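Numbers restart at 1 for each chain; the letters A, B, ... are given by sequence-line order, proteins then strands. None of the values given here were measured: they were computed from a predicted structure.
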Number of protein chains: 2
Amino acid sequence: MDRTFDAAGPDKARPGLSRELVVKSAVSFIDAHGAQKLTMRALGASLDVEAMALYRHVSGREDLLESVVAELLRGLEDDLDKQLSETWQGYLQTFAHHVRQIAVEHPLVFPLVATRHPAAPWLRPPLRSLSLVEGFLRALIDHGFSDSAAVHTYRIISSFLLGHLLLESVVRGAEVSSVEIPLDEGNAIVPEGDSGLDLSRFPVVMRLKGALSEDHSRREFEIGLEALIDRIEFFISQ
Amino acid sequence: MDRTFDAAGPDKARPGLSRELVVKSAVSFIDAHGAQKLTMRALGASLDVEAMALYRHVSGREDLLESVVAELLRGLEDDLDKQLSETWQGYLQTFAHHVRQIAVEHPLVFPLVATRHPAAPWLRPPLRSLSLVEGFLRALIDHGFSDSAAVHTYRIISSFLLGHLLLESVVRGAEVSSVEIPLDEGNAIVPEGDSGLDLSRFPVVMRLKGALSEDHSRREFEIGLEALIDRIEFFISQ
DNA sequence: ACCTGAACACCGTTCAAGT
DNA sequence: ACCTGAACACCGTTCAAGT
């Protein structure tokens, strides 16, 4: 809608900051370098601006990180709003897969979603925004859930998503951020798959290393989700 | 065993640092104030020592945090070693409850166990120490599990523990660290249970706030663990 | 109105110096 | 051998000053 290329002169190319731009840049920055490397000075530099300019749009680093989390969950809601589901099982499937998609796309941001303290103690990560939880509970109740069944479902799906998706994120995040080339040595050696760990004292682990390294996260997510839905089916039929 | 009160003179009361003392103090410090407040200078002060003295015993802050995680898992192994189990179901129950106990006792440390990158990509949080995983896999294999069943069980119990225990930790951690009195205002008002959130746009959440606030984490853990063991029983019987 | 420069308090970390 | 002091590079953040 609003002017995408500037109708104004040739060097109005920097349209000034905005809260939205700052937050979205922060998401991209974390995707690229991890949350630890996100400093006010570094983010400023990536926007061609001094660190202090950011303070006009966010109240500080904490506010920025909280906004990053909110930005991710907002994107999730936008996607979800377009979806209709005939059954609550279908709704839960769609919902869970969208959350997984967020985690897969932003493995270095997801730990923030997982571990930052929610705004209220009864909000549970990763579903930690009021409007997201409102939509989730209302959808289940619209599908005939009792209040307590809806709350119970919110609880156990939170644990499920947190467990599976944080696990994936931590592993993927390790891969991504270890591509962050050290440049220490002339990086001659070191490239063996296991990071030079001495496994001689752990024969079982050594024997099963191959099996342990296989990635079945997608399938485990699907199977676990099915099992979870079965448990909910049983719970509400009681 | 080793001299608990100093046989030496009256002011040998500071027996010097040691890696063990530094790491254990760090655990206590995080328990009390959270990982974010743990600075080398603050930990030094809590040991009546300059920050730089710590560098003789740990190689830096990263090494210290990694050692804090290892310390927690080591304590877990010590407890576990004494246990015998007639059945693998009993072993998994005992194991899971011990991990939960760690999380409950150290809610501000557990997020570190959950989110720090494991030493190898095939180690999964929260069971991210080699010797712990070695013991776990061997126990299952001794109970008749196939290699792949043991690995599969390691995977799904990792997700389960991570989801349930990090959720508990984040909530408990919020409670604990908000006791960290702000001292800003004469803290006159603010003490309403929900942190002054405006729920008027979220009628379902508002109606269910009471139900959402109830703590059933213990029971959900037990039920989820039973369901998990049932799934494993089914898996190995195939 | 929006961004900058300089400054402050506080980090992690190094290294020469003390005892 | 073990700890300290001083220093360096780098944080988040405040505030007066620029445009």
Most 5' of A:Ala42 and A:Met52 on DNA chain D, judged by nearest nucleotide: A:Ala42
Nearest-Å distance for atom pair CZ/C1', residues A:Arg41 and C:dC11: 12 Å
Separation of atom CD in B:Gln36 from atom P in C:dC10, rounded to whole Å: 16 Å
Length of the CG-P vector between B:Leu43 and C:dC11, whole Å: 12 Å
Pair A:Arg74 + A:Glu71: basic N to acidic O under 4.0 Å: yes
Gap between atoms OH and C1', on A:Tyr55 and C:dG5 respectively (whole Å): 15 Å
Sugar-phosphate only, base, or nothing, as touched by A:Met40 at under 4.0 Å among non-hydrogen atoms: sugar-phosphate
Sugar-phosphate, base or nothing in reach of A:Arg61, heavy atoms under 4.0 Å: sugar-phosphate
B:Leu17, nearest nucleotide to its side chain (from D:dT4, C:dC2, D:dC3): D:dC3
Aromatic plane relationship, B:His164 with B:Phe221 - under 30° parallel, 30 to 60° tilted, over 60° perpendicular: perpendicular
Residue matched to D:dC10 through Watson-Crick or wobble contacts both under 3.5 angstrom: none
C:dC3 OP1/OP2 closer than 4.0 Å to side-chain N/O of A:His57: yes
Selected nucleotide, minimal atom distance to B:Thr39 side chain, candidates C:dG12, C:dA7, C:dC3: C:dG12
Gap between atoms CD and C1', on B:Glu50 and C:dT13 respectively (whole Å): 14 Å
Side-chain ion pair, B:Arg155 and A:Glu214, N-O less than 4.0 Å: no
Under 3.5 Å on both distances, the Watson-Crick or G-U partner of C:dC15: D:dG5
Euclidean distance, atom CG of residue A:Leu21 to atom P of C:dC3 [Å, nearest integer]: 10 Å
Spacing of B:Arg56 atom CZ relative to C:dT13 atom C1', expressed in whole Å: 14 Å
Salt-bridge criterion met for A:Glu134 and B:Arg201 (N-O under 4.0 Å): no
Spacing between A:Asp48 atom CG and C:dC3 atom P, to the nearest angstrom: 12 Å
Lys/Arg N to Asp/Glu carboxylate O, B:Arg172 vs B:Glu105, below 4.0 Å: no
